Protein chains: 2
Amino acid sequence: MREVGARGPAISVDDDCPVREVLDRVGDKWSVLIVVLLGQRTHRFGELHRAIDGISQRMLTLTLSRLVRDGLVCRTAHPTVPPRVDYSLTDLGRTLLVPLRALDAWAVAHRDDIRAARARHDAAAG
Amino acid sequence: MREVGARGPAISVDDDCPVREVLDRVGDKWSVLIVVLLGQRTHRFGELHRAIDGISQRMLTLTLSRLVRDGLVCRTAHPTVPPRVDYSLTDLGRTLLVPLRALDAWAVAHRDDIRAARARHDAAAG
DNA sequence: CCGAATCCCAATGGATACTG
DNA sequence: CAGTATCCATTGGGATTCGG
C-alpha cells in the first residue's frame, strides 16, 4: 500500500496503489481459481473448463488471456489438429501463489468467525 | 482453497471455497483501503470519506456496514449532537491485515514485472 | 479443440437530494 | 455529521453462435 499519512491529504486510490492493481487483476470471479489449479500442474484449456465448475467458455478465455498478458500464466499452442493449448504458471505466477496461500490460510482459519459474526449481526438487527 | 484432486471431479466454486468468500468480501473496490486505513488508527466516518479519494458517501456507508456485519470492523456511535461515529478494526479485522500486507508486499515487489509483461505483450500483439 | 463475436441481463457503483 | 433513498451509467459475466 502506498504510504498514507495519519492525517495525510487523502490517498488517491486510482493513482498509484499496488494492492489495488493486484486486486483488480486477481479479485475477479475466476483468476484465483485458475492460478491455484495451474499451481498444481499444467492444464489444457478443456481441462480447466471441466475442472472449474460453472465457468463459461467466454470467461475462461478472457481470464486466461488477461493472466497471460500480465505475465502470470504461460500459453503454449501446439500446431496439431485438432489444436491443443497448454497453460501453466510462469515464474512470476508461482511467486503469487505464496501470498495467495496466506490469504487462503486466513480464510480457512477464520471463515467460521465471519459466519458467526454475520449470524450475530443478522439476529440482532435483520 | 478447497482440496482439488489432480484429475478430480471439478471444483465447485460456489459451493465451499474459503478464498472465494474472502475475495467476495474484500475484493471489491474499497474494502481493502478501508481496512488498511483502520489498521493505522480509528477513524470517524467523515475522516474516511476525506481520506479515500473518490469514494462516494453511498459506497463508504455500504462498504462499512458490510465490514461491520462480517465482524471485521467495529462501529461506535456516540450519542452527541452533532453525531459522531468511530470505526476501528476488531481483533478479527487486525488478523486480516497480515495476509493483506503479504499481498501488498507482493504487489509492490512485482508491479514492475507485471507492467513489463503487459508492455511486452501489447507491443507484440495489440 | 480452442476461442472470437454478438446479445442480453443483473449487479456494481457514482451523482444527487433528502432526513435525524 | 452521519446516514438513507432514488436514479442512472457502466461493467461483469452467462448463453449462444460462428470461425480456424
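All values reported here derive from a predicted model rather than from experimental measurement. So that the names make sense, note that chain A is the first sequence line, chain B the second, and so on, each numbered from 1.
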Notebook entry, point to check: From the list D:dA2, C:dA15, D:dG13, which nucleotide is the closest neighbour of the side chain of B:R58?
Noted result: C:dA15
Check: If you find the nucleotide of DNA chain D closest to A:L62 and the one closest to B:T61, which residue's nucleotide is nearer the 5' end?
Finding: B:T61
Note to self: For the CZ atom on A:R25, are there more than 12 heavy atoms of other groups (residues, nucleotides or ligands in this structure) within a distance under 6.0 Å?
What the structure shows: yes
Item checked: Listed nucleotide nearest any side-chain atom of B:R75, set C:dG13, D:dG14, D:dG3 -> D:dG3
Checklist line | Interatomic distance where CG belongs to A:L60 and P belongs to C:dC2 [whole Å] | finding: 10 Å
Note to self: Without decimals, in angstroms, what is the distance between A:D28 CG and C:dT12 C1'?
What the structure shows: 15 Å
Check: C:dG13 P sits how many Å from B:I34 CD1, rounded?
Finding: 11 Å
Next item on the list: Find the distance B:I55:CD1 to C:dT12:P and express it as a whole number of Å.
Entry: 15 Å
Notebook entry, point to check: Is the shortest side-chain N to carboxylate O distance from A:D122 to B:R69 below 4.0 Å?
Noted result: yes
Check: Rounded to whole angstroms, how far apart are CE on A:M59 and P on C:dC2?
Finding: 18 Å
Notebook entry, point to check: In whole Å, what is the span from the CD1 atom of B:I52 to the C1' atom of C:dG14?
Noted result: 15 Å
Next item on the list: When you get a sec, tell me which of D:dT4, D:dG20, C:dG14 is the closest nucleotide to the side chain of B:Q57?
Entry: D:dT4
Next item on the list: Determine: side-chain N/O of B:S56 to OP1/OP2 of C:dG14, distance under 4.0 Å, yes or no.
Entry: yes
Note to self: Rounding to an integer number of Å, can you tell me how far B:W30 CH2 sits from C:dA11 C1'?
What the structure shows: 17 Å
Next item on the list: Please state how far atom CG in A:D53 lies from atom P in D:dG14, giving the value in whole angstrom units.
Entry: 12 Å
Check: Nearest to the side chain of B:V85 - D:dG3, C:dG14, C:dG20?
Finding: D:dG3
Check: Taking only N and O in the side chain of B:Y87, is any of them less than 4.0 Å away from OP1 or OP2 of D:dC1?
Finding: no
Checklist line | Qualifying residue for side-chain contact (heavy atoms from CB on, under 4.5 Å) with A:L89, from A:L72, A:V35, A:T95 | finding: A:V35
Notebook entry, point to check: Parallel, tilted or perpendicular for A:W106 and A:H110, by the 30°/60° rule?
Noted result: tilted
Check: Nearest of C:dA4, C:dC1, D:dG13 to any side-chain atom of A:P83?
Finding: C:dC1
Notebook entry, point to check: Among C:dG3, C:dC1, D:dT4, which nucleotide sits nearest the side chain of A:P82?
Noted result: C:dC1
Margin query: At less than 4.0 Å, is any side-chain N or O atom of A:R44 found next to OP1 or OP2 of C:dC2? Yes or no.
Written below: yes
Item checked: Salt-bridge criterion met for A:R20 and A:D24 (N-O under 4.0 Å) -> yes
